[in-house]
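Worksheet: the structure to be examined is printed underneath.
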Amino acid sequence: MTQEFYTPRRHQAEIEACLARFSVLVCHRRFGKTVLSVNRLIRAARETRRPDWRGAYIAPLYRQAKTVVWDELKRYCGVGTDGCTVRFNETELRADFDNGARVRLFGANNPDSLRGMYLDGVVFDEVAQMPHRVWTEVIRPALSDRNGWAMFIGTPRGKNALYEIWEKARVDPDWFTAMYRASETGIIHPDELAANGREMSPEEYEQEFECSFTAAIRGAYFGQLMSDADREGRITRVAHDPSMPVHTAWDLGMSDSTSIWFVQARPGGTYAVVDYYEANGEGLDHYAKALDRKGYKYGVHIAPHDIRVRELGTGKSRLEVARSLGIRFVIAPNIPIQDGINAVRTILPGCWFDAEKCGPGIEALRHYRRSFNDRTAHFSARPVHDWTSHAVDGFRYFAVGFRPPSGSARPRATANDYDPFGRPHGRSRT
């Protein structure tokens, strides 16, 4: 084995210039994140002034650490060359530097083996495959008295530890976050990306090469469209415009949840989805009060067609009850559910969502799906009825029931014409 000298690529150098005490890197396959992180540990071990500096590289499984990282660590330390002063313990997967520093490899599948140690620097590789408690219960306390740093690297695999850490880090000014998609870095040749795209499902490709946390949800109706919204920066902070009406769209549950979307039609045929509300087991008076508390200037209220059904106890329909509370509904047309899903697909490219106020509704849109039968290898014809249903049904009623004022355009295929802050539209790093 010959020594390799690390020369960071452009994106790796960009990361190294921005790293904080805690950093999260979500990168496409073959980005070079393992080489980047191994060399950060080596450099920290060599440059430390502490005689007892300790670093760790944690993979999901111990054998993964040995297979993926051990040879890389030895190669970049220069094992087998005349100038190598690092000693390697093959049994413990440990590198001992001549200044007393150590780097050791671990597997997150045995968290208790990590307890009781102190650490100055740690790399978590493929965090999506680890229990979140390895960080919160075991490693974070081990960094405290040494003011140690941590770096999390990985490619998404749905919503798990990597997603949870990523989401929290994005809003914490003390953390550094970066996402690198294959379509943006140029590291993998376009012909190779195209070949991968032909072999993989769209969801798999979006996950592995475009760093989507949601696209790989099997059977998701809107996974790709919500990933596009993420990539284009349309899930952000969306300011409510008090000069314009707020339209609402409802899914009315009886004994289960009722959901309400709050939407403003904006110039250029786009929609600002400024708010979302959901509650369980409440009467219409509860929701009327909720609307009053929000203080919006309301336009149309859209309800499902079954709001006309009269209740046995009172003999009144919820449409009549709502009218007595000052809410006059427009009834969404009763069309096949698949047509409604297609209507949602039509308007989603023109929607901007407030990430905080619409959080539960956004997650429902991401996860709304058909069930998959592993035995027959086919998807069902209808969506799964679960926690996502009420939010998506409410949004579906908006898509089929809202009619823009005369002369206004329906949303176009992109949202480039509108930014909630009036800025030129641009793509967000995250």
Side-chain angles (χ1 to χ4, degrees), residues 159 163 166-168 170-171 179 206 210-215 217 220-242 244-251 257 259-278 290 294 296 298-299 302 340-341 343-369 387-402 404 410-423 425-430:
K159 294 195 172 182
Y163 176 78
W166 167 259
E167 285 296 301
K168 290 180 179 178
R170 289 175 70 184
V171 297
M179 180 178 285
E206 281 292 310
E210 293 302 297
C211 298
S212 170
F213 284 104
T214 59
I217 299 169
Y221 283 101
F222 313 122
Q224 179 64 60
L225 291 167
M226 296 306 290
S227 293
D228 291 344
D230 268 324
R231 185 179 305 115
E232 294 168 8
R234 290 187 284 110
I235 299 178
T236 180
R237 185 178 68 84
V238 179
H240 159 246
D241 186 344
M244 302 182 70
V246 173
H247 311 289
T248 69
W250 303 48
D251 179 64
S257 296
S259 63
I260 309 172
W261 292 91
F262 299 79
V263 186
Q264 290 188 304
R266 295 289 178 88
T270 59
Y271 292 131
V273 188
V274 297
D275 211 338
Y276 174 81
Y277 184 76
E278 183 173 321
K294 290 185 179 291
Y296 298 133
Y298 291 106
I302 304 169
I341 288 170
V344 172
R345 287 174 170 151
T346 299
I347 73 168
L348 274 178
C351 291
W352 292 71
F353 293 88
D354 188 282
E356 181 178 350
K357 292 182 179 179
C358 299
I362 291 168
E363 291 308 301
L365 286 167
R366 284 172 168 157
H367 286 78
Y368 190 63
R369 72 197 191 285
W387 64 272
T388 67
S389 300
H390 294 290
V392 175
D393 285 348
F395 201 82
R396 180 163 53 87
Y397 297 137
F398 178 82
V400 302
F402 180 73
R410 293 287 279 182
R412 293 194 290 274
T414 67
N416 291 339
D417 301 304
Y418 168 68
D419 181 283
F421 304 104
R423 305 165 302 194
H425 181 66
R427 301 182 80 174
S428 168
R429 162 61 58 201
T430 57

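Keep in mind that this is a model prediction, so the values were computed, not measured.
The two residues Ala272 and Arg266 have their closest heavy-atom pair at CB-CZ, 3.7 Å. Annotation for Ala399 and Ile347: closest pair CB-CD1, 3.8 Å, computed over non-hydrogen atoms. Residues Arg366 and Ala220 approach most closely at O-CB, 3.8 Å, considering heavy atoms. Taking all atoms of both residues into account, the shortest heavy-atom contact from Gly233 to Trp352 is O-CZ3, 3.4 Å. Across all their heavy atoms, Ala239 and Val274 have their closest contact at O-CG1, 4.4 Å. Looking at every heavy atom in both residues, Ala249 comes nearest to Gly394 through CB-O, 3.3 Å.
Between atom CZ of residue Phe222 and atom CD1 of residue Ile362 there is a gap of 14.0 Å, rounded to the nearest 0.5 Å. Separation of atoms CD (Glu167) and OH (Tyr163) is listed at 3.5 Å; rounding is to 0.5 Å. Expressed to the nearest 0.5 Å, how far OG1 of Thr248 lies from CD1 of Ile260 amounts to 6.5 Å. With rounding to the nearest 0.5 angstrom, the CD atom of Glu278 is 4.5 Å from the OG atom of Ser257. The line from CZ of Arg231 to OG of Ser212 is 7.5 Å long, rounded to the nearest 0.5 Å. Residue Ile302 holds its CD1 atom at 12.0 Å from OH of Tyr397, rounded to the nearest 0.5 Å.
No hydrogens or angles considered: nothing links the side chains of Trp387 and Ser389 as a donor-acceptor pair under 3.5 Å. Judged purely by distance below 3.5 Å, without hydrogens or angles, the side chains of Asp354 and Tyr276 never pair a donor atom with an acceptor atom.
A 4.5 Å side-chain heavy-atom check between Leu348 and Met226 finds at least one atom pair inside the cut-off. For the pair Val263/Phe402, no side-chain contact is recorded, criterion being any heavy-atom separation below 4.5 Å from C-beta on. Residues Pro349 and Leu225 have side chains in contact (heavy-atom distance under 4.5 Å, counting atoms from C-beta outward). Using a 4.5 Å heavy-atom cutoff, the side chains of Gln224 and Glu210 are not in contact. Considering only heavy atoms from C-beta on, Arg396 stays 4.5 Å or farther from Asp251 through its side chain. Gln264 is listed as a side-chain neighbour of His240, based on a closest heavy-atom distance under 4.5 Å. Side chains of Phe398 and Trp250 form no contact here, defined as non-hydrogen atoms less than 4.5 Å apart.
Side-chain atoms of Trp261 do not come within 3.5 Å of backbone N or O of Val392 as any donor-acceptor pair. For Arg237 (side chain) and Ala355 (main-chain N/O), no donor-acceptor pair under 3.5 Å exists by modelled atom type.
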Q: Check the pair Cys351, Phe395 against side chain to side chain contact (heavy atoms under 4.5 Å, CB included), reporting the backbone distance first and the verdict last.
A: CA-CA 11 Å; Cys351 291; Phe395 201 82; 3.9 Å; yes
Q.
As a quick check of understanding, evaluate side chain to side chain contact (heavy atoms under 4.5 Å, CB included) for Lys294 and Tyr277, giving each step before the final call.
A. CA-CA 10 Å; Lys294 290 185 179 291; Tyr277 184 76; 4.2 Å; yes
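Taking the six-membered ring where tryptophan is involved, the planes of Phe262 and Tyr298 are tilted, since the angle between them lies from 30° to 60°. Ring orientation note: the planes of Tyr221 and Tyr368 are tilted relative to one another, at an angle of 30° to 60°.
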